[in-house]
Number of protein chains: 2
Amino acid sequence: MTVMHTPAATARPTPTRTGTCAPEPPRHPRPDGQDHYTISEVVAFTGLSAHTLRWYERIGLMSHIDRSHTGQRRYRNRDLDWLDFVGKLRLTGMPVADMVRYAELVRAGDETRAARRALLESTRGDVLTRIAELQDALAVLDVKIGLYAEGTES
Amino acid sequence: MTVMHTPAATARPTPTRTGTCAPEPPRHPRPDGQDHYTISEVVAFTGLSAHTLRWYERIGLMSHIDRSHTGQRRYRNRDLDWLDFVGKLRLTGMPVADMVRYAELVRAGDETRAARRALLESTRGDVLTRIAELQDALAVLDVKIGLYAEGTES
DNA sequence: GGCTTGCCTGGAGCGCACTCCAAGGTCTTA
DNA sequence: TAAGACCTTGGAGTGCGCTCCAGGCAAGCC
């Protein structure tokens, strides 16, 4: 289901271990009583880069964003809600291509509800598997750390 | 600590959702009473490709493997043990560069025990964080799936 | 001897998810 | 009117973890 199932499987787990010393983008809370935001505001809310936001739109992960009279993007609250959800999907490790597929299904309307649900259920299964793997690896790590602690290792 | 901490953070979660239809390499159990194996035997034991095994050696993730008189690799049980451990580290999502660093510390001998332990502890923290993220995402997924189930979504 | 199988090497290529660049338009403030 | 901030685009580049390729050697079998 994941890492190393096929010798060719592309495993790409998460970390980017930062531990301490993370620059941490501001991640402002979204203000309310407003319904359009510039791209840089969305950057501040989501922590995504402007490049990434434009790229998401280009690949169809977001529906077309409204534009100002000069052609600048004006994100609306529903766009930010969608980005929040996409962020969760991203955390699950779902490939972007699958997220795009989900987005297309949403745009396609009501008949795709079953397919969308199936996609989420499958992702749910992946997440459970991944959690189990992590817990397994954690146990090994704990044993090893224990050996170092008592001075038995190496 | 992970995904999206800096806008530039490279997040690369795991899945490769396969669910059904996974080709699954054989993954034979390691026979005992023997202490050298050809690369193709190791492929069978570990599920890694021969390319990947050679690459691991090249980048220093494995110490030099013994050779037969004709220059072919002959893996020993300690190499397989190491590969098992590396597989666990891989499951944690630790970047290969860090595994290489750990391997170098091991080769460097006893004075590096504290550093090695610290590396594992830090990885342990990453794993816990990642599990928490996955559980958070899982909760969102469950809510969404619930909405689809009761016909409220979209 | 010829064929097959299995292994060797260095180096190029790939898929993913961004990330950055160059060249240019528009808006605001001084 | 000029500077500076902020936005636009298409397309090229990056880093990671493999993955594959070409060309070649050695052993076993008919």
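Residue numbers begin at 1 in each chain, while the letters A, B, ... track the order of the sequences.
Across every non-hydrogen atom of A:Arg113 and B:Thr152, the tightest pair is NH2-N, 4.3 Å.
For the pair A:Trp55 CH2 and D:dG13 P, the computed distance is 18 Å after rounding to whole Å. Here D:dG17 presents its P atom at 13 Å from CG of B:Leu89, a figure rounded to the nearest Å. The CZ atom of A:Arg67 sits 14 Å away from the C1' atom of C:dT26 (whole-angstrom rounding). Remark: P of D:dT9 and CD1 of A:Ile65 are 12 Å apart, rounded to the nearest angstrom. Separating the CD atom of B:Glu57 from the C1' atom of C:dT9 is a distance of 12 Å, rounded to the nearest angstrom. At whole-Å resolution of the value, CG in B:Leu91 and C1' in D:dG17 are 15 Å apart. Rounded to an integer number of Å, the gap from B:His64 NE2 to C:dC8 P is 11 Å. Across the protein-nucleic acid pair, A:Arg90 atom CZ and C:dA17 atom P stand 10 Å apart, rounded to whole Å.
Taking the side chain of B:Arg54 as heavy atoms from C-beta on, and the options D:dC18, C:dC7, C:dC18, the nearest nucleotide is C:dC7. Side-chain proximity of B:Thr38 to the nucleotides D:dG17, C:dC18, C:dC7 is greatest for C:dC7. Checked against D:dC7, C:dC7, C:dG11, the side chain of A:Ser40 finds its nearest nucleotide in D:dC7. Closest to the side chain of A:Ile39, from the set D:dC7, D:dT9, C:dC8, is D:dC7. The nucleotide whose nearest atom lies closest to any side-chain atom of A:Arg73 is, among C:dT9, D:dC18, D:dT9, D:dT9. Closest approach to the A:His51 side chain among D:dT8, D:dC18, C:dT19 is made by C:dT19 (side chain taken as heavy atoms from C-beta onward).
For the side-chain hydrogen bond (donor to acceptor under 3.5 Å, both in side chains) test, residues two or more places apart in sequence or in another chain that qualify with A:Arg76 are A:Asp35. With sequence neighbours left out, the salt bridge (charged side-chain N to carboxylate O under 4.0 Å, His left out) criterion links A:Arg67 to A:Glu57. For B:Asp84, the side-chain contact (heavy atoms from CB on, under 4.5 Å) test picks out B:Arg30, with sequence neighbours left out.
Using a 4.0 Å heavy-atom criterion, one finds that A:Ser68 contacts no nucleic acid atom at all. Among the heavy atoms of the strands, none lies under 4.0 Å from A:Arg74.
Applying the ring pair (Phe, Tyr, Trp, His ring centres under 6.0 Å) test to residues at least two apart or on different chains, the pairs with a partner in residues 87-130 of chain B are B:Phe85-B:Tyr102. Within the structure, ring pair (Phe, Tyr, Trp, His ring centres under 6.0 Å) contacts touching residues 128-154 of chain A (residues at least two apart or in different chains) do not occur.
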Do A:Asp136 and B:Lys88 pass the side-chain contact (heavy atoms from CB on, under 4.5 Å) test, and can you show the C-alpha distance, the side-chain angles, and the key distance before you say yes or no? CA-CA 8 Å; A:Asp136 173 44; B:Lys88 296 299 178 187; 2.6 Å; yes
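Checking the phosphate oxygens (OP1, OP2) of C:dT19, no side-chain nitrogen or oxygen of A:Arg58 falls inside 4.0 Å. Using a 4.0 Å cut-off, some side-chain N or O of A:Tyr56 falls inside it from OP1 or OP2 of C:dC18.
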Using a 4.0 Å heavy-atom cut-off, write out nucleotides 24-29 of chain D from 5' to 3' as B (base contacted by protein), S (sugar-phosphate only) or - (no contact). --SS--
